[in-house]
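What follows is a set of notes on a single structure, which appears directly below.
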Number of protein chains: 2
Amino acid sequence: MDDSGYEIGFLLRRAHVRASAAFKAALAPLGIDARHFAVLHELVHAPHSQRRLVDLIGSDKSAMVRLVDDLERAGLVSRQVSVQDRRVQVITLTGKGTTTLQAAQESAADVTTVLTEHMPAADRQRLTDLLREFVAGPG
Amino acid sequence: MDDSGYEIGFLLRRAHVRASAAFKAALAPLGIDARHFAVLHELVHAPHSQRRLVDLIGSDKSAMVRLVDDLERAGLVSRQVSVQDRRVQVITLTGKGTTTLQAAQESAADVTTVLTEHMPAADRQRLTDLLREFVAGPG
DNA sequence: TATTGTTATACTCTATAACTATA
DNA sequence: TATAGTTATAGAGTATAACAATA
């Protein structure tokens, strides 16, 4: 009985569950979860509108409002009305946000090491590359 | 800026979101979702106790009660008290369950084809193998 | 009219603990 | 005492639609 035709679906679920539990535990001391981390990560190089963050992360706009609410309340980002388009809220990393992001990046890297330490380095790299290819889709 | 140290976490999330949305849509006409499919899939070769299903799938016992409730209500599995241990409910695929599972397997295989048709076949196979390795963990 | 962001709401899923019946 | 299953409940996350402000 060969189920390789659809096994990847089950495997992605198990892999995600395994990884997200580990990331959640690692980020908890910083007061954020993986979704907040994803937002902070997108803001490293430049501020973005909430709309742009939604597109980058693949969330939805009402969920993003609450994520940014959380981050703003924690002092990690700030909201500013755009001068060009006053409908737009520009989200910027604060100094504290930058510090927290760096700590989160270290924790996340440590977790990743633990999650993949049973795999040869080449396999780890190849898995990352193939996931990137899978996620890219037909586009 | 190199984020390869933790990028795999984000990628697994995006990959899982992409795949689960597709599986959900494909299985909806059969009246089940991916979790029900996983349960049916484990019952192909032999009946199992709910406890065993929990271990196989990585769910929890109260969630499993409801999954089996759903499947039993739809006539896809049956519950029978074990003769050896009357605490145990043995879950068995019905004829309708077998038919539905086969349809689900075909839908899932089709979805997988669509999800990976932008990838060379060798990459698809390698991704499956590497995910299996990742999921296995240090054990 | 269309878009950005906000709010409200309902729904699903998960997590937890208490409970039963057996062992 | 411990285990398999059940039930109840609370919480988190998602999805949806209606709304306000601006373009």
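Just so it is clear: chains get the letters A, B, ... in the order the sequence lines come, proteins before strands, and each one is counted from 1.
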Length of the CG-P vector between B/Asp60 and C/dA17, whole Å: 12 Å
For atom NZ of A/Lys24 and atom P of D/dG11, their distance in whole Å: 14 Å
Salt bridge flag under 4.0 Å for residues A/Arg126 and B/Asp129: no
Heavy-atom donor-acceptor pair, A/Ser62 side-chain to D/dT14 base, under 3.5 Å: no
Distance, rounded to the nearest Å, where A/Asp55 contributes CG and C/dT4 contributes C1': 12 Å
B/Arg52 atom CZ: more than 12 heavy-atom contacts under 6.0 Å: no
Touch class at under 4.0 angstrom, heavy-atom based, for B/Arg66 against every strand present: base
Non-neighbouring partners of B/Ala108 that pass side-chain contact (heavy atoms from CB on, under 4.5 Å), sequence neighbours left out: A/Tyr6, B/Phe23, B/Phe37
Phosphate OP1/OP2 of C/dC13: any B/Arg35 side-chain N/O under 4.0 Å: yes
Passing candidate, side chain to side chain contact (heavy atoms under 4.5 Å, CB included) with A/Val77, options A/Thr92, A/Thr100, A/Leu71: A/Leu71
Sugar-phosphate only, base, or nothing, as touched by A/Val88 at under 4.0 Å among non-hydrogen atoms: sugar-phosphate
Sugar-phosphate only, base, or nothing, as touched by B/Asp33 at under 4.0 Å among non-hydrogen atoms: sugar-phosphate
Pairing of A/Asp85 and A/Arg51 as salt bridge, 4.0 angstrom limit: no
For atom CZ of B/Arg73 and atom P of D/dT6, their distance in whole Å: 12 Å
Nearest-Å distance for atom pair NZ/C1', residues A/Lys61 and C/dA2: 11 Å
Interatomic distance where CG belongs to A/Asp69 and P belongs to C/dT6 [whole Å]: 7 Å
Residue-phosphate contact under 4.0 Å: A/Arg79 side-chain N/O, C/dT4 OP1/OP2: no
Rounded distance in Å - CG (A/Asp70) to C1' (C/dT6): 15 Å
Interatomic distance, B/Gln80 CD vs D/dA4 C1' [rounded to whole Å]: 16 Å
CZ (A/Arg13) with more than 12 external heavy atoms under 6.0 Å: no
Table of protein N/O atoms under 3.5 Å from nucleotides 20-23 of chain D N/O atoms:
from   : atom 1 : to      : atom 2 : distance (Å)
D/dT22 : OP1    : A/Arg86 : NH2    : 3.1
D/dA23 : OP1    : A/Arg86 : N      : 3.0

Partners meeting ring-ring contact (aromatic ring centres under 6.0 Å, His included) with B/His48 (sequence neighbours left out): none
